[in-house]
Amino acid sequence: SGADSGKEVWGFMPRELLKRQKQLMDNAAGGDPIHPYGVDGSVSAYVFDTGPDGSLPDHTINAADGDKVWLYFGLRRGGRALYALDATDPDAPSFMWKITPDSTGFSELGYTFAQPTLRLLDWGHVDGVRPVLILSGGYDRDKDNNDPGTDDDIGNAIYIIDAQTGDLVWKATGSGSSGTDTYVNAAMVDSFPATATPVDSSGNGLIDQIYVGDTGGSVWRLDLHGNDRSNWQATKIMNLGRHYQNDLTNDRRFFHAADVVPARDANGRFMAVVIGSGNRAHPLQIHTTDMMFMYKDRDSGAPLESFTALTPNELFDATDNCIQEVGVDCSSTELAKLSNGWKMDLVVEGEKNLASPLTLRGTVYFSTYVPATSTSDLLACGPAEGSGFEYAISLQDASATIDYDSTNTVVVSGIEYPLQIEDRKRELKSGGVPSDHVYVSYTDEDGNNYTGVIPADLGPGKDLGKQQVRSFWYESDK
């Protein structure tokens, strides 16, 4: 505080990056690599806070109370490693552990693009429930050069790691032998740079499912029901890319986390899996038709015994907004597919999803990036940043939920229809690759809690009004 504000207290340099310091110091053209990456991954934190007597959190980290602050980060393109630091004492942090491909059980580890996700899990440990890291296997740089993509040598795994020790709890991978801590699915042949999305489907505070997409355009579900790891499994639930059709148009890749939302429709409850495709490693490519998808997982809550992965042809095509658009009719064949979910083409040339979606109160918010392709943009005296869009569409059917275009209202027999296909998106006011949407909550001077969404260009957010809180009651016989 005061005069010391902003001063560096300590720093940490991974061993993998020491060899790059001379290149950075020399700052010469044509170095190898041309762009020397460092610690390029996002940090996750495990914070355990109790009062002096082990009661409720006192919002003060004190090691004497048993409080803990552990930090975790990967290197992204900086290397194939995951690090853990103990920052319980912020003035004297300590090294906990690191994982590399040489660590036992982690030979598939690729470039650690994904942010490690912290959750609680019961896997039969002698100490009971413990914090774990869910880490996607990483990126294989061979995918930088392959159009369409091919099978990867590294990164084709999902790991669950003991957050304290760094030991492998369990993994799903594409080769080897299944056992207590390993599940093998031979179809797992593509790398996983996307952050995994864990789910507590039973509501007991412990994860039992994980959803994640890979660079082959497939979406996976991992089932962790019960604490017998030999019964855990990984199932491909959607083939949306090269394993559906192996050409440039369908070479869809997933680099960002899915949003997984409990929902229901006329057919009952389901877990909505919302995910968008886009090649983050090549944001300027224009040959692939990227899409947004929503899959209705109606089998959530129980292990999948046998399942045939869905393809784009089995999802309702919401691209033309036929459900909402005046003068456009949906075929009965297409409408029947809505029971599985929907797909929506990103129709501008080169448009792709390069950020995670966010679903609130039945609306899916996401951003897209459109590379500059016109001659005037490419020859302009300045960077050709490209542009992007903000979308707000219905979770149920991808129809518009916000009147982004107030000039396109259609009137039929005196009835106004303000929401049309143009209302699904607006152009972002900032250039470059857009970021994720951000959920915010705040309390007004009267103590009312409100929620909202901040868009990628930090423009006026969408105020969703007073916060809704789920309530319930039950009877107990005494």
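What you see below is based on every heavy atom in this structure, not just the backbone, and it leaves out hydrogens, waters and symmetry mates. A quick note: this is a predicted structure, and the numbers were derived from the prediction, not measured.
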Discussion item. Under 4.0 Å between a side-chain nitrogen and a carboxylate oxygen: does that hold for Asp190 and Arg242?
Written reply: yes
Item to complete: For a side-chain contact (heavy atoms from CB on, under 4.5 Å) with Thr289, tell me which candidate from Thr249, Leu346, Val347 qualifies.
Response: Thr249
Worksheet entry | Phe255: partners by ring-ring contact (aromatic ring centres under 6.0 Å, His included), with sequence neighbours left out | Tyr139
Fill in: Polar side chain donor-acceptor pair, Asp86 to Thr88, under 3.5 angstrom
yes
Fill in: Point-to-point distance, once rounded to the nearest 0.5 Å, from CE of Met188 to OG1 of Thr235
9.0 Å
Discussion item. Using the ring centroid of each side chain, check whether Tyr439 and His437 are separated by less than 6.0 Å.
Written reply: no
Worksheet item: For residues Asn250 and Arg252, is any side-chain donor paired with an opposing acceptor at under 3.5 Å?
Response: yes
Response to the item:
Tested for side-chain contact (heavy atoms from CB on, under 4.5 Å) against Pro116, the lone hit among Val132, Leu133, Val43, Thr195 is Leu133
Practice prompt. Calculate, to the nearest 0.5 Å, the distance between atoms CG and CD1 belonging to Leu118 and Ile134 respectively.
Written response: 7.5 Å
Discussion item. How close do Asn239 and Ser218 get, counting heavy atoms only, and between which atoms?
Written reply: OD1-OG, 3.2 Å
Worksheet item: What pairs with Ser175 under side-chain hydrogen bond (donor to acceptor under 3.5 Å, both in side chains), at least two apart in sequence or on another chain?
Response: none
Practice prompt. Using only heavy-atom distances, determine whether the side chains of Tyr111 and Arg141 contain a donor-acceptor pair under 3.5 Å.
Written response: yes
Worksheet item: In terms of side-chain geometry, is the basic nitrogen of Arg298 or Asp265 positioned less than 4.0 Å from the acidic oxygen of its partner?
Response: yes
Item to complete: Could you pull out all residues at least two apart from Lys22 that satisfy salt bridge (charged side-chain N to carboxylate O under 4.0 Å, His left out)?
Response: Asp26
Item to complete: Decide, yes or no, whether a salt bridge links Asp200 with Arg119 under the criterion of side-chain N to carboxylate O below 4.0 Å.
Response: no
Discussion item. Is a donor from one side chain sitting under 3.5 angstrom from an acceptor on the other, for Asp208 and Ser201?
Written reply: yes
Worksheet item: To the nearest 0.5 Å, what is the distance between CG (Leu109) and CG (Leu82)?
Response: 7.5 Å
Fill in: Flag for Asp317-Thr319: side-chain donor and acceptor within less than 3.5 Å
yes
Worksheet entry | Rounded distance [0.5 Å steps], OG1 in Thr368 versus CG in Leu428 | 7.0 Å
Practice prompt. List for me each residue that meets side-chain contact (heavy atoms from CB on, under 4.5 Å) alongside Asn185, sequence neighbours excluded, and say none if there are none.
Written response: Tyr183, Ala187, Trp220
Fill in: Gln164-Tyr46 side chain donor-acceptor pair, cut-off 3.5 Å
no
Worksheet entry | Any side-chain donor near an acceptor of the partner, Asp436 and His256, under 3.5 Å | no
Fill in: Atom of Trp170, atom of Leu222 and distance for their closest heavy-atom approach
CZ3-CD2, 3.7 Å
Fill in: Audit row: Asp147, Arg253, salt bridge (Lys or Arg N to Asp or Glu O under 4.0 Å) steps and yes/no
CA-CA 11 Å; Asp147 293 318; Arg253 307 183 185 192; 3.5 Å; yes
Worksheet entry | Partner set under ring-ring contact (aromatic ring centres under 6.0 Å, His included) for Trp342, not counting sequence neighbours | none
Worksheet item: CG of Asp142 to CD1 of Ile154: how many Å apart, nearest 0.5 Å?
Response: 7.0 Å
Worksheet entry | Interatomic spacing from CG in Asp181 to CD1 in Ile160 - rounded to 0.5 Å | 11.0 Å
Worksheet entry | Distance-only polar pair, side chains of Thr288 and Asp251, donor-acceptor under 3.5 Å | no
Worksheet entry | Which residues share a side-chain contact (heavy atoms from CB on, under 4.5 Å) with Asn340, sequence neighbours left out | Leu310, Glu314, Leu315
Worksheet item: If you look at every heavy atom in Leu71 and Ala45, which pair is closest and at what distance?
Response: CD2-CB, 3.8 Å
